[in-house]
Amino acid sequence: MKSKNPVFKVVEPYLYLVPALVLFALFVFWPFIKTIQLSFALTDPLGRIAKYIGPKNYIDILTNGAFVNSLIVTLKYAAGRVVFSIALGFILAIISTEKIKGKGFFRTMYALPMAISASAAAVIFMFVFHGSVGILNKILGTHIGWLTDQRYALMAVTIVSVWIAIGMNFIYLTAAIQSVPAELYESVALDGANFFQKHRYVTIPGVSPTLFFLLIINVINSIQAYAEVKMMTSGGPASSTNIVVYEIYQQAFINSRFGVACAESVILFIILIILTALQFKLEKKVTY
Amino acid sequence: MKDKKSFTITIYALNIIFAIIIMVPVLYCFSVSMMDLKDVYGGRLFPSRFMTDNYVRALQLAPFFTFIKNSLIVSGFITFAQVVTGALAAYAFAMMNFKGKHALFMVMLATMMIPSQAIIIANYLTIANWGLRNTYIALILPNAAAAFAVFNMRQAFLGLPFEIRDASLIDGCTNFQFLYKVGVPLIKPSLGALIIYVFLQSWNYYLWPLLVTDSVEMRTVQIGLGILTNSEGTDFRPVMAGAMLILVPSILVFIIGQKQMISGLTAGAVKG
């Protein structure tokens, strides 16, 4: 009997962890170290280290404008996506939690964007926003190049990502609203609270942990967005939609500047860590 | 009483309006995929007659069935691998005691803090160095384990009563036998949720397949769709047909599995 062997008994739990840990080591931790290493190096076009150049890549990206611009673009994009997709998800969760018939149908519709890929969403809206044949200009009677005019391109891309992000926010907020104790609603109803007061004083405080959770997740997802921009605008016009992952992609795979791209990745990572830590702190303060 | 009625009507109206707004892009995509060119230039919302020519055209322009086959293979294997690696690790974390358990669990969770996009270049270089570009292995292996799957299944195993395992082990069951004969069947509901979630996620991968494949035969659906947008100028009808071809499978999977998926996803994360 294997399980009676004392050595096996000690080793066994680790054997269960080996497959996952080996994969994490190869494809998460090792590339993480390698990214940091490359960020201090000059590479050849195949990504091999030619020589170490200290913090030069960092100095370059922080002073040459393109990367800083991509951070600002990403910030605007993330702000729009986070605010609108959470707000809309919240509204949808509230109106579909009321006692109505056909609730299940509405909920399926609201959650459905979860199943829609960024690239499919992107091609649909490329057509909707198209300057000459797009339906939006036809409906509005305008001739705006939604994706080619730098005043509108970022907004257009953001709308697409808001749409696909709504589903997840809706699902989490619906679950959160349902777990708010019913007695709380009964007692404010006795106090004569109306619809808005009810949600202002019971629902919002009740779901605030979920709101913070979603804030983190949405910020992280926004900062990692890529497909919409690649397909809809290729970062243009005039870099107005050049979000940070697209900038990294260009440096690495168009310009073959892997060192620079890795320095940008490290900064991206640091931003995400700071945001996450900040959110956790904030969460503690607000809920208690 | 009257107030209540008008309130209900308002809620209904809002639900209908929002449902339409949310669904309109998909419906419009379907509508355009059926149009003839005059409908498109006329700015019509619905096709004057339903035609399937655009689907034929989409299939001629790009080997969509190859893309779909590739995506099915890749998403299928990623899902299977994440469940296997996840179940093993989750079982150890939930049901066994060993030295360094807490530390190893933290190591596992730490992978969630490293965003995949931040390490994608280094991963690409690894795969390229191994000569694995344009292979299924390149598409599958880096995604074969995920902390989310481990964490999710660990929660499910923790929900099982310990006595079941103790009794089985006394009956002479090995841990491994218990895991696949009793443990995994018992967590089927949350496993179902995980499977659907992982499958949808990997079906929708974009940047990684874009980097590690460049031959048409190895492209997945999401990248394949881009081939269409570059080939037809302003005639978006075959593109919309292509988009429908890749949306239908994921929407079907979603509708079939949504109940399970939603309860499974929110169970661990939401405290309310």
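Letters go in sequence order (proteins before strands), and every chain restarts at 1.
Counting heavy-atom pairs closer than 4.5 Å to chain B, the top residue among F195(A), F105(A), F125(A) is F195(A). Each of L268(A), L38(A), T108(A), V10(A) has some count of heavy-atom pairs under 4.5 Å with chain B, and the biggest count is that of T108(A). Residue with the most contacts toward chain A among I11(B), L207(B), T85(B), V150(B): L207(B) (heavy-atom pairs, distance under 4.5 Å). Interface remark: of the candidates G226(B), G86(B), A243(B), A122(B), A122(B) forms the most heavy-atom pairs closer than 4.5 Å to chain A. Of the listed residues S132(A), A261(A), S265(A), A121(A), the one with more heavy-atom pairs under 4.5 angstrom with chain B than any other is S265(A). Options P25(B), A89(B), A19(B), A92(B) differ in how many heavy-atom pairs under 4.5 Å they form with chain A, and the most are formed by P25(B). Of the listed residues (L200(B), L141(B), L104(B)), the one with the most heavy-atom contacts under 4.5 Å to chain A is L141(B). Ranked by non-hydrogen atom pairs under 4.5 Å with chain A, the options K101(B), M23(B), Q222(B) are led by Q222(B). With respect to chain A, the highest number of heavy-atom pairs below 4.5 Å among A147(B), A118(B), G242(B), A149(B) belongs to A118(B). Contact count against chain B (heavy-atom pairs under 4.5 Å) is highest for L23(A) among L23(A), N137(A), I91(A).
For the pair F269(A) and I119(B), the minimum side-chain heavy-atom distance is 4.5 Å or more. Annotation: side chain of L112(A) is in contact with side chain of I255(B) (closest heavy-atom distance under 4.5 Å). Two residues are said to be in side-chain contact when any heavy atoms from C-beta on lie closer than 4.5 Å; L210(B) and K230(A) meet this criterion. A heavy-atom distance below 4.5 Å is found between the side chains of F27(A) and I127(B). In this structure, I121(B) and Y249(A) have side chains that are not in contact, with every pair of non-hydrogen atoms separated by 4.5 Å or more. At least one side-chain heavy atom of Y14(A) sits under 4.5 Å from a side-chain heavy atom of K99(B). Residues I116(A) and V26(B) meet the side-chain proximity criterion, which asks for heavy atoms closer than 4.5 Å. Here the side chains of L247(B) and I124(A) are in contact, with some heavy-atom distance below 4.5 Å.
Rounded to the nearest 0.5 angstrom, F176(B) CZ and L15(A) CG are separated by 11.0 Å. We find the CG-CE distance between L272(A) and M113(B) to be 9.0 Å, quoted to the nearest 0.5 Å.
Of all non-hydrogen atoms in L125(B) and L46(A), the two that sit nearest each other are CD2-O, 3.5 Å. Shortest non-hydrogen contact noted between F24(A) and M108(B) is CE1-SD, 2.9 Å. The shortest non-hydrogen separation linking F29(A) to V107(B) is CZ-O, 3.4 Å. Smallest separation of non-hydrogen atoms from R44(B) and I135(A): O-CD1, 4.0 Å. Of all heavy-atom pairs between K138(A) and V40(B), the closest is NZ-O, 3.7 Å. A115(A) and S250(B) get closest at one heavy-atom pair: O-OG, 3.2 Å.
Aromatic ring pairs are classed by plane angle as parallel below 30°, tilted from 30° to 60° and perpendicular above 60°; the pair F253(A) and Y124(B) is perpendicular. Using bins of under 30°, 30° to 60° and over 60° for the plane-to-plane angle, the ring pair Y206(B)/Y226(A) lands in the tilted bin. Ring geometry for Y16(A) against Y91(B) counts as tilted: the plane angle lies between 30° and 60°, on a 0 to 90° scale.
Contacts of N143(B) with chain A are absent, with no heavy-atom separation under 4.5 Å from either backbone or side chain.
You'll find the ring centres of Y110(A) and F18(B) outside the 6.0 Å limit.
With respect to F106(A), the side chain to side chain contact (heavy atoms under 4.5 Å, CB included) criterion is satisfied by exactly one of L14(B), I16(B), I22(B): I16(B).
Taking T74(A) as the reference, nothing meets the side-chain hydrogen bond (donor to acceptor under 3.5 Å, both in side chains) condition, with sequence neighbours excluded. Residues forming a ring-ring contact (aromatic ring centres under 6.0 Å, His included) with F254(B) (at least two apart in sequence, or on another chain): none.
Counting only distance, with no hydrogens or angles, the side chain of Q117(B) and the backbone of V245(A) share no donor-acceptor pair below 3.5 Å. Side chain of N15(B) to main chain of I95(A): a donor-acceptor pair is present (N/O by atom type, distance under 3.5 Å, no hydrogens or angles).
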